Each structure stands twice: as structure tokens, then as C-alpha cells.
Amino acid sequence: VQLVESGGGLVQPGGSLRLSCAVSGHTFSDYAMGWFRQPPGREREFVAVVSWTGNSADYAYSVKGRFTITRDNAKSTVYLQMNNLKPEDTAIYYCATANFRALLASMRARASERNYNYWGQGTQVTVSS
């Protein structure tokens, strides 16, 4: 299984980026997909998750209303549209395959790394003027 993120870079505060994550060697359309991030000097944290159909999504409170996660099952690709970026969004962003299809009832479970089994190598996002 291979996950390859792209789309990271340097952007000014208030700007936008769209991250992509292409998945191969996995039954992409059968499982939910998530995005996580690791800010400098901090632990990796949950950002967003989308169900296997793409009909349901959930977000960390810190990004809700600014980020949108979507997926294209025909392309085995998940996206993270990030708008109104802030310096505190600076991090390495990782995509991951979930071991569930529909969103789990518990937010803690949806956000737990233990429920994600394959990870990409990460893409750097830096928000700075």
C-alpha cells in the first residue's frame, strides 16, 4: 500500500492550499480516509476524516469552517482544501487509510491514530508572511 501526498508549500496567512493524497495497492473506495498533521515540536494530531462514500466528514475544531476534505474514488485520491490559513496551521500533513468505512460514532475513535493503518510520508505546509 502506498500513499503519496502532494500540494504542500509556503503560503501567506489568509491564503489557500489544496493537498492531495494518491493511494495505490489498497481498496481505496472501501474505507474512510483521514488527514493528520504534526506541528513543529508537537505530537501528530487529527485534522479531518471522510467516510468511504464521501458523504460524511468530520473535522478538528481548530480547522472546522476553513478546511474541507473530499475524495474521488475513481482516482483513489483524497483531498484537503485549506482556506484562510493561519500560522498555527504550519505542520507536516499526513494522509492515512482508516480501518472503518462509515464514520465511527465516537469522535475520539474517529481521531485516534490506532484506527488508521497506512500512512503517507507527509507534505510540509508553512504559513508565514
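This structure is a prediction, so every number in the text was calculated from the model and none was measured.
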- [ ] Answer whether the closest heavy-atom distance between the side chains of S128 and P87 falls below 4.5 Å.
- [x]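 In short, these two side chains do not touch, never coming nearer than 4.5 Å.
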
Open item on the list: Does any part of the side chain of T97, heavy atoms only, come nearer than 4.5 Å to the side chain of Y116, both counted from C-beta?
Closed with: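 Not in contact.
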
Open item on the list: Quick check: closest heavy atoms across A102 and W52, and the distance to 0.1 Å?
Closed with: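 So the minimum-distance heavy-atom pair works out to N-CD1, 3.8 Å.
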
TODO: Write down the atom of R71, the atom of S51, and the distance for their closest heavy-atom approach.
DONE: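 Minimum heavy-atom contact is NH1-O, 2.9 Å.
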
Open item on the list: Does E88 have more than 12 heavy atoms from other residues, nucleotides or ligands lying within 6.0 Å of its CD?
Closed with: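 Buried by this count: over 12 neighbours within 6.0 Å.
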
Open item on the list: With a 6.0 Å cut-off (strictly less than), is the heavy-atom count around CZ of F100, excluding the residue itself, greater than 12?
Closed with: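 It does: F100 CZ has more than 12 such atoms within range.
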
Is it the case that one hydrophobic cluster holds both [X] and [Y], taking links as side-chain heavy atoms less than 4.5 Å apart, direct or via other members?
X	Y	value
Y118	V47	yes
I92	M82	no
Y94	L3	no

Are any side-chain N or O atoms of [X] and backbone N or O atoms of [Y], one a donor and one an acceptor, separated by less than 3.5 Å?
X	Y	value
E5	C95	yes
N115	A109	yes
S56	L103	no
T77	K75	yes

Task: Straight-line distance of N99 CG to N117 CG, nearest 0.5 Å - done: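 The distance works out to 5.5 Å.
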
Open item on the list: Could you check whether R44 makes a cation-pi contact with W119, meaning its NZ or CZ is under 6.0 Å from the centre of the six-membered ring and within 45° of the ring axis?
Closed with: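 Verdict for W119: a cation-pi partner in R44.
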
Open item on the list: What verdict does the side chain to side chain contact (heavy atoms under 4.5 Å, CB included) test give for T126 and V11, after you've listed the backbone C-alpha separation in whole Å, the side-chain angles of each residue and the deciding distance to 0.1 Å?
Closed with: CA-CA 6 Å; T126 302; V11 63; over 6 Å; no

Acceptor/donor pairs from residues 15-36 side chains to any protein atom, 3.5 angstrom cut, sequence neighbours excluded:
unit_1, atom_1, unit_2, atom_2, d
S16, OG, N83, OD1, 3.0
W35, NE1, Y79, O, 3.4

Pairs under 3.5 angstrom only: tabulate donor-acceptor contacts from the side chains of residues 58-69 to other protein residues two or more places apart or in another chain.
unit_1, atom_1, unit_2, atom_2, d
D58, OD2, R110, NE, 3.1
D58, OD2, R110, NH2, 2.5
Y59, OH, I69, N, 3.0
S62, OG, R37, NH2, 3.4
R66, NH1, N84, O, 3.0
R66, NH1, D89, OD2, 2.7
R66, NH2, S62, O, 2.9
R66, NH2, D89, OD1, 3.0
R66, NH2, D89, OD2, 3.4

Open item on the list: side chain to side chain contact (heavy atoms under 4.5 Å, CB included) for F46 and E113? Distances and angles first, verdict last.
Closed with: CA-CA 8 Å; F46 168 79; E113 292 191 24; over 6 Å; no

